[in-house]
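Structure first, then comments.
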Amino acid sequence: MNRYIVKTKKQPGIDEGALKRKKQSVQKFHDLKTGVKITSQKQLICEENIRKVDGVDHDTSELKKTAELIDPYSSYLYKNLDLAFPSVRTDNLQWRKISKDNLDLDYTLLFPRNVANALVQVFEKELDYFTGTLAKVKIFGKWHDIPRKQATYGDPGLTYKYSGIKTPARPWPQPLEAVRELVCKVTGHKYNFVLVNRYKDGSDKMGEHKDDEKDLDAQTPIASVSLGQPRDFYFRHQDARPPKKLNIDKVQLQLQHGSLLLMNPPTNQYWYHALPPRKSAPGIRINLTFRKIIQN
DNA sequence: AACATAACAGTCGT
DNA sequence: TACGACTGTTATGT
(Lines give C-alpha, C1' and ligand atoms only; values in the text may rest on other atoms or scores of the structure.)
Protein backbone atom coordinates (compact mmCIF):
# COMPACT_ATOMS: atom_id res chain seq x y z
CA MET A 1 0.00 0.00 0.00
CA ASN A 2 1.19 3.48 -0.73
CA ARG A 3 0.93 5.77 2.23
CA TYR A 4 1.17 9.42 1.40
CA ILE A 5 2.03 11.61 4.29
CA VAL A 6 1.83 15.27 3.58
CA LYS A 7 4.17 17.50 5.46
CA THR A 8 2.74 20.70 6.81
CA LYS A 9 4.59 23.83 5.92
CA LYS A 10 7.13 25.01 8.45
CA GLN A 11 5.85 28.13 10.12
CA PRO A 12 8.24 31.03 10.51
CA GLY A 13 9.33 31.91 14.00
CA ILE A 14 8.71 28.47 15.47
CA ASP A 15 11.31 26.87 17.71
CA GLU A 16 11.74 23.45 16.12
CA GLY A 17 13.27 22.02 19.28
CA ALA A 18 10.29 23.10 21.36
CA LEU A 19 7.94 21.70 18.73
CA LYS A 20 9.71 18.35 18.87
CA ARG A 21 9.50 18.26 22.65
CA LYS A 22 5.81 19.11 22.52
CA LYS A 23 5.15 16.32 20.03
CA GLN A 24 6.96 13.86 22.28
CA SER A 25 4.88 14.89 25.28
CA VAL A 26 1.67 14.72 23.27
CA GLN A 27 2.57 11.22 22.14
CA LYS A 28 3.44 10.19 25.70
CA PHE A 29 0.07 11.51 26.85
CA HIS A 30 -1.68 9.66 24.07
CA ASP A 31 0.09 6.42 24.94
CA LEU A 32 -0.88 6.80 28.60
CA LYS A 33 -4.50 7.67 27.85
CA THR A 34 -5.23 4.96 25.31
CA GLY A 35 -2.74 2.31 26.27
CA VAL A 36 -1.88 2.25 22.58
CA LYS A 37 1.69 2.91 21.61
CA ILE A 38 2.15 4.87 18.44
CA THR A 39 5.20 3.49 16.77
CA SER A 40 7.05 5.63 14.29
CA GLN A 41 5.28 5.81 10.95
CA LYS A 42 6.63 3.58 8.27
CA GLN A 43 7.40 5.57 5.21
CA LEU A 44 6.45 3.89 1.97
CA ILE A 45 7.43 5.77 -1.11
CA CYS A 46 5.71 5.67 -4.46
CA GLU A 47 8.19 6.47 -7.16
CA GLU A 48 6.49 9.51 -8.65
CA ASN A 49 4.96 10.81 -5.44
CA ILE A 50 7.49 11.21 -2.69
CA ARG A 51 6.12 12.68 0.51
CA LYS A 52 7.94 13.59 3.66
CA VAL A 53 6.94 12.20 7.01
CA ASP A 54 5.39 14.52 9.53
CA GLY A 55 4.43 13.87 13.14
CA VAL A 56 0.76 13.16 13.66
CA ASP A 57 -0.97 15.53 16.03
CA HIS A 58 -4.06 14.11 17.64
CA ASP A 59 -4.29 16.78 20.30
CA THR A 60 -7.60 18.60 20.10
CA SER A 61 -7.66 19.75 23.72
CA GLU A 62 -7.27 23.41 22.82
CA LEU A 63 -10.38 23.57 20.65
CA LYS A 64 -12.65 25.21 23.19
CA LYS A 65 -10.20 27.87 24.22
CA THR A 66 -9.40 29.16 20.75
CA ALA A 67 -13.03 29.10 19.72
CA GLU A 68 -13.82 31.51 22.52
CA LEU A 69 -10.98 33.79 21.51
CA ILE A 70 -12.17 33.99 17.93
CA ASP A 71 -15.80 34.65 18.87
CA PRO A 72 -17.23 33.10 15.73
CA TYR A 73 -20.73 34.22 16.56
CA SER A 74 -20.05 37.85 15.85
CA SER A 75 -22.18 38.04 12.76
CA TYR A 76 -20.23 40.85 11.15
CA LEU A 77 -17.30 38.50 10.77
CA TYR A 78 -19.18 36.55 8.17
CA LYS A 79 -20.19 39.47 5.97
CA ASN A 80 -16.77 39.69 4.43
CA LEU A 81 -14.52 36.73 3.89
CA ASP A 82 -11.36 38.64 4.63
CA LEU A 83 -12.84 39.53 8.00
CA ALA A 84 -14.33 36.11 8.61
CA PHE A 85 -11.08 34.30 8.06
CA PRO A 86 -8.45 36.97 8.67
CA SER A 87 -5.59 34.48 8.70
CA VAL A 88 -6.70 32.40 5.74
CA ARG A 89 -4.31 33.15 2.92
CA THR A 90 -5.58 31.72 -0.33
CA ASP A 91 -2.79 33.12 -2.48
CA ASN A 92 -0.03 31.00 -1.02
CA LEU A 93 -1.46 27.49 -0.63
CA GLN A 94 0.96 24.58 -0.81
CA TRP A 95 -0.84 22.11 -3.04
CA ARG A 96 0.25 18.50 -3.33
CA LYS A 97 -0.75 16.51 -6.38
CA ILE A 98 -1.34 12.76 -6.11
CA SER A 99 -2.00 11.05 -9.42
CA LYS A 100 -1.82 7.49 -10.65
CA ASP A 101 -3.98 5.27 -12.90
CA ASN A 102 -6.83 7.76 -13.30
CA LEU A 103 -6.60 8.84 -9.68
CA ASP A 104 -6.20 12.60 -9.50
CA LEU A 105 -6.10 14.37 -6.15
CA ASP A 106 -5.02 17.77 -4.92
CA TYR A 107 -4.40 18.30 -1.24
CA THR A 108 -3.58 21.37 0.83
CA LEU A 109 -3.91 22.73 4.31
CA LEU A 110 -6.49 25.49 3.95
CA PHE A 111 -7.36 26.75 7.41
CA PRO A 112 -4.86 27.85 10.03
CA ARG A 113 -5.28 25.83 13.17
CA ASN A 114 -7.07 28.48 15.20
CA VAL A 115 -9.66 29.07 12.48
CA ALA A 116 -10.14 25.35 11.99
CA ASN A 117 -10.64 24.99 15.74
CA ALA A 118 -13.26 27.71 15.72
CA LEU A 119 -15.06 26.07 12.82
CA VAL A 120 -15.33 22.79 14.72
CA GLN A 121 -16.94 24.62 17.61
CA VAL A 122 -19.30 26.57 15.38
CA PHE A 123 -20.44 23.55 13.43
CA GLU A 124 -20.93 21.51 16.58
CA LYS A 125 -23.44 24.17 17.63
CA GLU A 126 -25.00 25.09 14.31
CA LEU A 127 -25.45 21.88 12.37
CA ASP A 128 -28.41 19.53 12.69
CA TYR A 129 -28.00 15.96 11.58
CA PHE A 130 -30.56 13.59 10.12
CA THR A 131 -32.53 11.26 12.32
CA GLY A 132 -35.04 8.51 11.53
CA THR A 133 -35.27 7.23 7.96
CA LEU A 134 -32.70 9.72 6.69
CA ALA A 135 -30.18 8.28 9.13
CA LYS A 136 -30.45 4.84 7.53
CA VAL A 137 -29.18 3.30 4.29
CA LYS A 138 -30.20 0.24 2.36
CA ILE A 139 -27.30 -1.98 1.28
CA PHE A 140 -27.64 -5.47 -0.18
CA GLY A 141 -31.33 -5.32 0.56
CA LYS A 142 -30.94 -4.58 4.25
CA TRP A 143 -31.48 -1.38 6.19
CA HIS A 144 -28.73 -0.21 8.51
CA ASP A 145 -28.12 2.78 10.71
CA ILE A 146 -25.47 4.98 9.13
CA PRO A 147 -22.31 4.56 11.25
CA ARG A 148 -21.82 8.35 11.51
CA LYS A 149 -24.08 11.41 11.32
CA GLN A 150 -25.07 13.22 8.14
CA ALA A 151 -26.60 16.50 7.08
CA THR A 152 -27.04 18.20 3.72
CA TYR A 153 -27.16 21.89 2.90
CA GLY A 154 -27.49 23.60 -0.44
CA ASP A 155 -29.19 26.05 -2.72
CA PRO A 156 -33.02 26.07 -2.62
CA GLY A 157 -34.76 23.03 -4.07
CA LEU A 158 -31.75 20.74 -4.37
CA THR A 159 -31.86 17.13 -3.26
CA TYR A 160 -29.21 14.45 -3.25
CA LYS A 161 -29.94 10.77 -3.61
CA TYR A 162 -27.76 7.77 -2.80
CA SER A 163 -28.10 4.27 -1.37
CA GLY A 164 -31.83 4.35 -0.97
CA ILE A 165 -32.10 7.74 0.71
CA LYS A 166 -33.05 11.06 -0.80
CA THR A 167 -31.83 14.01 1.21
CA PRO A 168 -33.31 17.51 0.97
CA ALA A 169 -30.85 20.41 1.14
CA ARG A 170 -31.36 22.81 4.00
CA PRO A 171 -30.53 26.50 3.50
CA TRP A 172 -26.91 27.47 4.19
CA PRO A 173 -26.12 28.51 7.76
CA GLN A 174 -23.88 31.56 7.73
CA PRO A 175 -20.58 29.93 8.71
CA LEU A 176 -21.12 27.11 6.24
CA GLU A 177 -21.86 29.67 3.54
CA ALA A 178 -18.60 31.40 4.42
CA VAL A 179 -16.67 28.15 3.99
CA ARG A 180 -18.44 27.47 0.72
CA GLU A 181 -17.44 30.87 -0.62
CA LEU A 182 -13.87 30.30 0.40
CA VAL A 183 -13.79 26.85 -1.25
CA CYS A 184 -15.33 28.32 -4.41
CA LYS A 185 -12.73 31.07 -4.40
CA VAL A 186 -9.83 28.67 -3.90
CA THR A 187 -10.96 26.10 -6.47
CA GLY A 188 -12.65 28.33 -9.03
CA HIS A 189 -15.71 26.06 -9.00
CA LYS A 190 -19.28 26.97 -8.13
CA TYR A 191 -20.46 24.54 -5.50
CA ASN A 192 -24.18 24.50 -4.74
CA PHE A 193 -24.42 21.67 -2.23
CA VAL A 194 -22.58 20.15 0.71
CA LEU A 195 -22.84 16.77 2.41
CA VAL A 196 -21.69 16.90 6.01
CA ASN A 197 -20.42 13.75 7.69
CA ARG A 198 -19.71 13.77 11.41
CA TYR A 199 -17.62 11.01 12.93
CA LYS A 200 -18.01 11.07 16.71
CA ASP A 201 -14.88 8.96 17.29
CA GLY A 202 -12.66 6.35 15.68
CA SER A 203 -15.43 3.77 15.51
CA ASP A 204 -17.56 5.92 13.22
CA LYS A 205 -16.65 5.24 9.60
CA MET A 206 -17.63 5.19 5.95
CA GLY A 207 -17.35 2.15 3.73
CA GLU A 208 -15.87 1.96 0.24
CA HIS A 209 -17.91 3.70 -2.40
CA LYS A 210 -17.75 5.93 -5.44
CA ASP A 211 -19.33 9.38 -5.64
CA ASP A 212 -20.78 8.64 -9.04
CA GLU A 213 -24.30 9.91 -8.58
CA LYS A 214 -25.98 10.83 -11.80
CA ASP A 215 -26.92 14.35 -10.74
CA LEU A 216 -23.34 15.30 -9.88
CA ASP A 217 -21.60 17.49 -12.41
CA ALA A 218 -18.87 15.17 -13.69
CA GLN A 219 -16.56 18.08 -14.53
CA THR A 220 -16.48 19.50 -11.02
CA PRO A 221 -14.14 17.94 -8.46
CA ILE A 222 -15.61 17.05 -5.10
CA ALA A 223 -14.05 19.34 -2.52
CA SER A 224 -13.59 17.76 0.88
CA VAL A 225 -12.87 19.94 3.93
CA SER A 226 -11.68 18.07 7.02
CA LEU A 227 -12.04 19.46 10.54
CA GLY A 228 -11.14 17.91 13.88
CA GLN A 229 -9.65 14.48 14.41
CA PRO A 230 -7.18 13.55 11.67
CA ARG A 231 -8.27 10.27 10.07
CA ASP A 232 -6.89 7.84 7.52
CA PHE A 233 -8.60 7.88 4.16
CA TYR A 234 -7.91 5.49 1.34
CA PHE A 235 -8.55 5.02 -2.35
CA ARG A 236 -8.79 1.63 -4.05
CA HIS A 237 -9.01 1.04 -7.77
CA GLN A 238 -12.17 -0.74 -8.91
CA ASP A 239 -10.19 -3.51 -10.59
CA ALA A 240 -8.17 -4.09 -7.43
CA ARG A 241 -11.27 -5.21 -5.51
CA PRO A 242 -12.30 -8.85 -5.44
CA PRO A 243 -12.32 -10.61 -7.81
CA LYS A 244 -8.93 -8.97 -8.25
CA LYS A 245 -8.13 -8.30 -11.90
CA LEU A 246 -5.28 -5.86 -11.43
CA ASN A 247 -2.59 -5.39 -8.83
CA ILE A 248 -2.92 -1.71 -8.08
CA ASP A 249 -1.94 -0.60 -4.59
CA LYS A 250 -4.30 1.34 -2.41
CA VAL A 251 -3.47 4.99 -1.90
CA GLN A 252 -3.82 6.12 1.68
CA LEU A 253 -3.42 9.54 3.18
CA GLN A 254 -4.29 11.20 6.44
CA LEU A 255 -6.79 14.03 6.26
CA GLN A 256 -5.61 16.74 8.60
CA HIS A 257 -7.53 19.27 10.67
CA GLY A 258 -8.25 22.21 8.36
CA SER A 259 -7.27 20.45 5.13
CA LEU A 260 -8.87 20.54 1.70
CA LEU A 261 -8.82 17.55 -0.66
CA LEU A 262 -9.96 17.80 -4.27
CA MET A 263 -11.07 14.61 -5.95
CA ASN A 264 -10.68 15.51 -9.59
CA PRO A 265 -12.32 13.75 -12.50
CA PRO A 266 -12.01 10.99 -13.53
CA THR A 267 -11.10 9.75 -10.02
CA ASN A 268 -14.66 8.81 -9.14
CA GLN A 269 -15.14 6.73 -12.27
CA TYR A 270 -12.32 4.34 -11.37
CA TRP A 271 -11.54 4.60 -7.69
CA TYR A 272 -13.49 3.78 -4.55
CA HIS A 273 -12.74 5.63 -1.36
CA ALA A 274 -13.38 4.94 2.30
CA LEU A 275 -12.81 6.24 5.82
CA PRO A 276 -11.95 3.09 7.77
CA PRO A 277 -12.46 2.85 11.54
CA ARG A 278 -9.44 3.85 13.61
CA LYS A 279 -9.97 2.90 17.25
CA SER A 280 -6.95 4.91 18.34
CA ALA A 281 -8.31 8.17 16.85
CA PRO A 282 -10.57 9.32 19.68
CA GLY A 283 -11.77 12.75 18.55
CA ILE A 284 -14.67 14.16 16.59
CA ARG A 285 -14.18 14.69 12.86
CA ILE A 286 -16.45 16.85 10.74
CA ASN A 287 -16.14 16.49 7.00
CA LEU A 288 -17.71 18.80 4.43
CA THR A 289 -17.90 17.52 0.87
CA PHE A 290 -18.84 20.31 -1.48
CA ARG A 291 -20.45 19.23 -4.73
CA LYS A 292 -22.01 20.70 -7.81
CA ILE A 293 -25.41 19.23 -8.49
CA ILE A 294 -27.09 19.53 -11.86
CA GLN A 295 -30.60 20.86 -11.35
CA ASN A 296 -33.24 18.54 -12.82
C1' DA B 1 -31.72 -7.44 -17.82
C1' DA B 2 -27.29 -7.04 -16.10
C1' DC B 3 -25.10 -4.76 -12.67
C1' DA B 4 -23.74 -2.42 -8.59
C1' DT B 5 -24.25 -1.93 -3.49
C1' DA B 6 -21.96 5.00 1.23
C1' DA B 7 -23.79 -1.73 5.16
C1' DC B 8 -22.41 -5.68 8.25
C1' DA B 9 -20.57 -10.18 9.80
C1' DG B 10 -17.25 -13.48 9.76
C1' DT B 11 -12.37 -15.04 9.24
C1' DC B 12 -7.61 -14.66 9.67
C1' DG B 13 -3.08 -12.78 11.08
C1' DT B 14 -0.51 -9.84 14.08
C1' DT C 1 -6.92 -9.28 22.96
C1' DA C 2 -8.31 -6.16 20.07
C1' DC C 3 -7.61 -4.26 15.81
C1' DG C 4 -7.07 -4.09 11.00
C1' DA C 5 -7.30 -6.30 6.46
C1' DC C 6 -10.00 -9.00 3.82
C1' DT C 7 -13.93 -11.73 2.11
C1' DG C 8 -18.88 -12.57 0.87
C1' DT C 9 -23.00 -11.04 1.01
C1' DT C 10 -28.29 -10.16 -0.99
C1' DA C 11 -32.61 -8.47 -2.76
C1' DT C 12 -33.42 -4.11 -4.67
C1' DG C 13 -32.86 -0.15 -7.57
C1' DT C 14 -31.19 1.54 -11.79
Side-chain angles (χ1 to χ4, degrees), chain A residues 1-3 30-31 33-42 44 56 58 129-152 154 159-169 193-216 218 222-224 226 229-255 261 263 266-283 285-291 293-294 296:
Chain A
M1 184 193 299
N2 297 324
R3 171 177 281 267
H30 181 279
D31 295 348
K33 200 172 76 171
T34 63
V36 176
K37 176 95 183 148
I38 302 176
T39 53
S40 64
Q41 298 237 17
K42 206 180 204 174
L44 298 173
V56 178
H58 289 284
Y129 296 92
F130 294 133
T131 57
T133 312
L134 288 176
K136 294 177 188 298
V137 280
K138 201 177 192 180
I139 315 281
F140 285 99
K142 284 179 183 165
W143 285 97
H144 301 277
D145 292 337
I146 296 173
R148 61 190 173 275
K149 283 183 174 174
Q150 288 190 322
T152 51
T159 59
Y160 186 53
K161 208 168 100 179
Y162 76 89
S163 261
I165 54 175
K166 185 178 178 182
T167 66
F193 184 90
V194 69
L195 171 64
V196 183
N197 280 286
R198 179 187 183 273
Y199 304 87
K200 69 175 186 305
D201 58 31
S203 65
D204 274 5
K205 65 207 177 211
M206 171 123 60
E208 281 186 19
H209 69 284
K210 288 197 272 194
D211 289 323
D212 58 354
E213 301 307 313
K214 214 186 164 201
D215 45 356
L216 287 178
I222 288 171
S224 168
S226 294
Q229 176 67 59
R231 288 284 295 267
D232 284 345
F233 191 67
Y234 74 79
F235 292 84
R236 189 191 203 186
H237 194 279
Q238 58 186 8
D239 296 330
R241 310 176 68 193
K244 215 168 177 174
K245 292 197 202 98
L246 294 175
N247 257 316
I248 301 180
D249 285 346
K250 283 181 181 176
V251 171
Q252 179 161 300
L253 53 107
Q254 197 178 49
L255 298 178
L261 174 72
M263 291 176 266
T267 301
N268 271 124
Q269 286 179 41
Y270 296 92
W271 290 76
Y272 289 74
H273 57 271
L275 189 97
R278 286 292 179 262
K279 299 299 163 71
S280 60
R285 172 173 186 264
I286 297 173
N287 180 60
L288 316 170
T289 48
F290 292 91
R291 298 141 192 270
I293 291 185
I294 308 288
N296 300 332

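All values derive from a computational prediction rather than experimental measurement. Here is how names work: the chains are called A, B, and so on, in the same order as the sequence lines, proteins then strands, and each is numbered from 1.
Taking a cutoff of 4.0 Å between a charged side-chain nitrogen and a carboxylate oxygen, A/Glu213 and A/Arg291 do not qualify as a salt bridge.
Within 4.0 Å (heavy atoms only), A/Lys205 reaches sugar-phosphate atoms of the nucleic acid but no base atom. Within the nucleic acid shown, A/Gln150 has no heavy atom closer than 4.0 Å to any nucleic acid atom. No engagement by A/Asn197 is indicated, since no non-hydrogen atom pair under 4.0 Å with the nucleic acid exists. Across all strands shown, A/Pro277 has heavy atoms under 4.0 Å from sugar-phosphate atoms exclusively, and none from any base. Among the atoms of the strands shown, only primed sugar atoms or phosphate atoms (P, OP1, OP2) are found under 4.0 Å from some heavy atom of A/Lys138.
A sub-4.0 Å separation between OP1 or OP2 of B/dC8 and a side-chain N or O of A/Lys136 is absent. Contact between the side-chain N/O atoms of A/Arg148 and the OP1/OP2 oxygens of B/dA7 is found at a separation under 4.0 Å. Within the 4.0 Å cut-off from OP1 or OP2 of B/dT5, at least one side-chain nitrogen or oxygen of A/Tyr272 is found.
In this structure, the CD atom of A/Glu208 is 13 Å from the P atom of B/dC8, given to the nearest Å. Following rounding to the nearest Å, A/Met206 (CE) and B/dA7 (C1') show an atom-to-atom distance of 12 Å. Atom-to-atom, CG of A/Asp249 to P of C/dC6 comes out at 10 Å; the value is rounded to the nearest Å. Spacing between atom OH of A/Tyr162 and atom P of C/dT14 amounts to 15 Å, rounded to whole angstrom units. Here C/dC3 presents its C1' atom at 9 Å from CZ of A/Arg278, a figure rounded to the nearest Å. Atom OH in A/Tyr199 sits about 8 Å away from atom P in B/dA7, given to the nearest Å. To the nearest angstrom, P of C/dA11 lies 15 Å from CH2 of A/Trp143. Put simply, NZ on A/Lys161 is 14 Å from C1' on B/dT5, counting in whole angstrom units.
For A/Ser224 (side chain) and A/Leu261 (main-chain N/O), no donor-acceptor pair under 3.5 Å exists by modelled atom type. Distance alone, capped at 3.5 Å, is enough to place a donor-acceptor pair between the A/Arg231 side chain and the A/Pro276 backbone. For A/Thr152 (side chain) and A/Pro168 (main-chain N/O), a donor-acceptor pair under 3.5 Å exists by modelled atom type.
Between C/dC3, C/dC6, C/dT10, one nucleotide has an atom nearer to the side chain of A/Lys279 than all others, and that is C/dC3.
Among A/Gln238, A/Gln269, A/His273, the single residue meeting the side chain to side chain donor-acceptor pair (under 3.5 Å) criterion with A/Lys210 is A/Gln238.
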In dot-bracket notation, what is the pairing pattern of DNA chain B, taking Watson-Crick (N1-N3 plus N6-O4 or O6-N4) and G-U wobble (N1-O2 and O6-N3) contacts under 3.5 Å, with [ ] crossing and | for other strands? .||||.||||||||

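Closest heavy-atom contact between A/Leu134 and A/Ile165: O-CD1, 4.0 Å.
Taking A/Lys142 as the reference, nothing meets the salt bridge (Lys or Arg N to Asp or Glu O under 4.0 Å) condition, with sequence neighbours excluded.
In this structure, A/Ile139 and A/Ala240 both approach DNA chain C, and ranking their closest nucleotides by distance from the 5' end singles out A/Ala240.
Ring pair A/Tyr160/A/Tyr162 is tilted by interplanar angle, where 30° to 60° counts as tilted.
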